[in-house]
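What follows is a short report on a single structure.
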Amino acid sequence: MASSTAVVWFRRDLRVADQPTFLAAADAADRALALFVLDPALLGPSGAARTNFLYGCLRELDAALGGNLLVVRGDPAEVVPQVATAAGAGTVHIAADFGPYGLERDERVEKALADAGAELIRTGSPYAVAPGRVEKGEGGPFKVFTPFSRAWADHGWRAPARTSASSCSWVDPSTVDGGPRAVPVPGDEPCDSTLPEPGERAAVQRWSDFLDEGLHDYEGDRDLPAKHDTSGMSPYLKYGCVHPRTLLADLGERRGDSVRAFRTEIAWREFYADVLYRRPDSARRNYDTAFDHLPLRTDSDAYADLDRWTQGRTGFPIVDAGMRQLRAEAWMHNRLRMVVASFLVKDLHLPWWWGARHFMQYLVDGDLASNQHGWQWTAGSGTDASPYFRIFNPITQGERFDPDGDYVRRWVPELADVPGKAVHQPWKLRDGIPEGYPEPMVDHRTERRESLDRYEAVKAARRP
DNA sequence: CCGGCGTTGGC
DNA sequence: CCAACGCCG
């Protein structure tokens, strides 16, 4: 009888909780190989830092899987069949995650595997409820969050797999030999940023700290970037180190505004996954096509302005602080994501997907569904479209959510000596703008007006 | 068909 | 209080 090899394909879900999947496959076959495909199209061109975080997670997984993890960089449609062929006859292929991402790509992989006569078994999804499962009464997709979140809660989800900590023999990833290594990728910028510790054990530790210390004030403080009272779960959720069902189960029957607020954040992740699942094109295009008529700047001046935005040199301290945190930590506080996004879209009149792409290239937790639809929400072109006239004022936002200016001073050293909330309007300082800090690149009042004028084209497109 | 509502606001 | 529109029930 021909020997058989099981190839367990971890598409983007590194969840060690899927070990049972791997072990069962290994049991059934003579040999098991865990395959993780790094798809450059999903990873983005930059981010040695994020690659390191990812590799940290992979090393841990590799240790847990007994050194059988194979990491390949490339297009899954090409890589997976290649590995299948190389692994030999009688191969069983198991894809660990069919989420909403790159549906077309999945179809190509499925076809290639079918052509090779391989068996494809689907396993878990990195969502509490798999996208496409929560439906409106008429069976259609939800377009508004609140009804979705109610239906989602009613629908419920199965209990999480309880494999972590108890059934895994933990190995310090840094001591593992022969595991995957972080390799510099051409075009990567050097990055010595402080990233969270990778892997499931770190995720569980962070989560437990959050339950003990952060959750209590979550509702009140999560919008204050200087306090940093977020759960920090997003990178771990992205790479499947922790499962949302685990988080939801740990919240259990706890009550209170903060618990509800956190559960709602999980629901948002589920909602946007669902939206993208139903409308894969919305990753790159306006969900609301009337916005195709919005006049956008795309000339060389526009690119120059994009550059100032990415560098954190817009002259608006709260915007610049956010953009610099992104570069330094591969992460940005959610409040700042909204502020800098609003600035790009409504003060600079640039395409939202320019900003979304930059975020995906730098964020350690960059999730295609949440990111693109968060941007579309800001742009007004997405689901739950915020009214077009809702334009964030970067000064007001700074004063409201960073009232003491601590967050700005942490990330904008040129302003480190400006006390209190005066830091939000350096152009008003008696001694002028501190050395090295730029003047505001636009006049907010003017550009706000300009945005409202540009939206007239969208309104006109909607008229019958 | 109609009234109410919509994560995150501004002036 | 503004201004505003599609989705929801």
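The figures that follow rest on heavy atoms only: side chains count, while hydrogens, waters and symmetry mates do not. In the text below, chain A, chain B and the rest are named by the order of the sequence lines, each starting its count at 1.
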Q. For A:Phe145 and B:dT7, do the ring centres fall under 5.5 Å apart while the planes stay under 30° apart?
A. no
Using nucleotides 1-5 of chain B, report all nitrogen or oxygen pairs with the protein that are shorter than 3.5 Å.
none

Q: Could you tell me which residues satisfy side-chain contact (heavy atoms from CB on, under 4.5 Å) with A:Glu456, sequence neighbours excluded, listed by chain and number?
A: A:Lys459
Q: Not counting sequence neighbours, list each pair that qualifies as a ring pair (Phe, Tyr, Trp, His ring centres under 6.0 Å) and has a residue in residues 425-452 of chain A.
A: A:Phe316-A:Trp427
**Q.** Secondary structure string for DNA chain B (Watson-Crick or G-U under 3.5 angstrom, | for other-strand pairs)
**A.** .|||||..||.
Q. Between the side chains of A:Tyr407 and A:Gln325, does any donor sit under 3.5 Å from an acceptor?
A. yes
Q | Summary of protein contacts for nucleotides 2-9 of chain C, nucleotide by nucleotide, where a base hit scores B, a sugar-phosphate-only hit scores S (4.0 Å, heavy atoms) | A | -BSSSSSS
Q. Excluding sequence neighbours, so at least two apart, what forms side-chain hydrogen bond (donor to acceptor under 3.5 Å, both in side chains) with A:Asp229?
A. none
Q.
Holding to side-chain contact (heavy atoms from CB on, under 4.5 Å), I want the full list of residues that pass it with A:Ala267, two or more places apart in sequence or in another chain.
A. A:Phe145, A:Ser149, A:Trp152
Q.
Base, sugar-phosphate or nothing for A:Arg335? Non-hydrogen atoms, less than 4.0 Å.
A. base
(Q) By the side-chain hydrogen bond (donor to acceptor under 3.5 Å, both in side chains) test, which pairs, at least two apart or in different chains, include something from residues 256-267 of chain A? (A) A:Arg222-A:Glu265, A:Asp257-A:Arg260
Q | Pairwise C1' distance for C:dA3 and B:dG6, with rounding to whole Å | A | 14 Å
**Q.** ring pair (Phe, Tyr, Trp, His ring centres under 6.0 Å) against A:Trp331, all qualifying residues, sequence neighbours excluded
**A.** A:His228
**Q.** side-chain hydrogen bond (donor to acceptor under 3.5 Å, both in side chains) involving A:Ser300 - partner list, sequence neighbours excluded
**A.** none
Q.
Taking salt bridge (Lys or Arg N to Asp or Glu O under 4.0 Å) as the cut-off, I'd like each qualifying pair that reaches into residues 205-217 of chain A, sequence neighbours left out, listed once.
A. none
**Q.** Of all pairs that satisfy salt bridge (Lys or Arg N to Asp or Glu O under 4.0 Å), the ones with a partner from residues 141-154 of chain A, not counting sequence neighbours
**A.** none
